[in-house]
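Just so we're on the same page: letters track the sequence lines, and every chain starts at 1.
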There are 2 protein chains.
Amino acid sequence: MLQISTKGRYGVRLMIDLASRYGEGPVLLREIAGRQGISEKYLWNLVSPLKNAGLVVSFRGAHGGYSLAKPPSKINLGEIMRLLEGPLCLVGCVEKPSECGRSTMCITRDVWEEVSRRISKTLESITLAEMVRKHRTRETEVSMEGKQ
Amino acid sequence: MLQISTKGRYGVRLMIDLASRYGEGPVLLREIAGRQGISEKYLWNLVSPLKNAGLVVSFRGAHGGYSLAKPPSKINLGEIMRLLEGPLCLVGCVEKPSECGRSTMCITRDVWEEVSRRISKTLESITLAEMVRKHRTRETEVSMEGKQ
DNA sequence: TGATTCTCCACTATTTCTGTGGAGATTAAA
DNA sequence: TTTAATCTCCACAGAAATAGTGGAGAATCA
């Protein structure tokens with residue numbers, strides 16, 4: 001279906017949640033789970049690869065939790081998606097030259113790679129900082145509307 | 001994994017195969033299957049929706065087969081992919097406003113829709129005619145190399 | 001008539017997705 | 001030191017999608 005999975009969707013929301021609390025100390029998975037409506041257990045599956053890749057840091061024990069490892073302006077959606085969804089590639093191009101035996105295939109491959117490049121480029125151009133800023137703007141708009 | 005399925009990949013190859021024989025009468029599924037290395041049976045699953053959508057026409061009985069319903073220059077990869085992979089949308093956006101209850105979600109949706117738009121635009125800008133032309137160019141290049 | 005070819009429904013095996021369970025390790029605070 | 005909080009990790013499982021097969025039947029041409 002060419003749809004991204006919940007891993008990518010939830011993972012981005014998780015990171016935006018963390019980004020909007022950057023500098024305020026560790027955030028509990030439980031809190032994020034509550035705010036985002038995702039089970040704490042499942043969240044761990046998402047935060048784990050992000051931690052291994054060095055995008056977030058964890059603190060164990062009481063008053064522990066997770067924080068971004070760098071400022072939100074230094075993290076883009078491309079790296080998050082790549083960690084959670086795998087290579088942002090519409091076909092298994094990098095790893096399997098075997099698929100490329102057919103000449104017709106090679107022509108179509110050019111197309112898939114072009115599209116893949118554009119997806120990567122688009123996602124890499126968006127940082128968590130921008131997402132947080134947009135989010136706050138929208139929140140303000142919504143609360144203003146409510147008062148009219 | 002953000003990968004397109006064999007439906008889309010094989011389907012495009014199927015259509016390029018038909019396009020490169022446009023005007024030469026019906027083409028047998030069996031021949032396409034042989035050339036493309038795809039089972040005849042599975043090909044039917046791909047050609048069926050393309051026929052229902054009016055992109056190809058079929059001829060039954062002896063000397064039957066399939067042909068493009070329009071010139072290759074009038075068919076683009078976007079419509080083929082949409083028929084075989086479903087809507088070219090990274091999230092279930094059009095059909096489910098229910099998913100949109102969360103405010104954070106809405107911010108991320110903007111991103112997914114932007115990327116989806118770019119994917120559509122890219123694929124819609126490429127016609128079968130161009131693919132066939134590229135294919136022939138590459139074939140020539142390969143045969144030239146072989147003679148040196 | 002008979003061979004050819006498309007048409008269509010239904011079925012299955014495999015893989016991926018979307019989670020869940022539970023035991024254990026680590027740490028902060030009382 | 002004890003206790004509660006919290007992350008860590010492996011394994012399992014149900015559900016859905018993917019990829020592909022089988023076989024009977026209908027239409028057409030020679």
- Item | Euclidean distance, B:Ser20 OG relative to A:Ile107 CD1, rounded to 0.5 Å | 11.5 Å

- Query: Choosing from C:dC6, C:dT20, D:dT21, which nucleotide comes nearest the side chain of A:Ser39?
  - Reply: C:dT20

- Query: Taking only side-chain nitrogens and oxygens of B:Thr6, does any of them come within less than 4.0 Å of OP1 or OP2 of D:dA19?
  - Reply: yes

- Item | Residues B:Arg13 and A:Thr108: side-chain donor-acceptor under 3.5 angstrom | no

- Message: Quick check: on DNA chain C, is the nucleotide nearest B:Lys51 upstream (toward 5') of the one nearest A:Tyr42, or the reverse? Name the residue that is more 5'.
- Response: B:Lys51

- Message: Does D:dA5 have OP1 or OP2 under 4.0 Å away from a side-chain N or O of A:His63?
- Response: no

- Task: Check the side chains of A:Glu85 and A:Ser5 for a donor-acceptor pair under 3.5 angstrom, ignoring hydrogens and angles.
- Result: yes

- Message: Atom NZ of residue position A:Lys121 - does it have more than 12 heavy atoms of other residues, nucleotides or ligands inside 6.0 Å?
- Response: no

- Message: Checking contacts here: which listed nucleotide (C:dC17, C:dG19, C:dT4) is nearest the side-chain heavy atoms of B:Met1?
- Response: C:dC17

- Between A:Ser48 and D:dT8, does any side-chain N or O lie under 4.0 Å from OP1 or OP2? no

- Query: B:Tyr10 side chain N/O closer than 4.0 Å to the phosphate oxygens (OP1, OP2) of D:dT18?
  - Reply: no

- Query: So does A:Arg60 reach the base of C:dA28 with its side chain, donor to acceptor, closer than 3.5 Å?
  - Reply: no

- Message: What is the distance, to the nearest angstrom, from the CG atom on A:Asn45 to the P atom on D:dT8?
- Response: 13 Å

- Query: Between D:dA5, D:dC9, C:dC9, which nucleotide gets closest to the side-chain atoms of A:Ala62?
  - Reply: D:dA5

- Assign each of A:Leu2 and A:Asn52 to its nearest nucleotide of DNA chain D by heavy atoms, then name whichever residue's nucleotide is nearer the 5' end. A:Asn52

- Is the distance from OP1 or OP2 of C:dT5 to the nearest side-chain N or O of B:Ser58 less than 4.0 Å? no

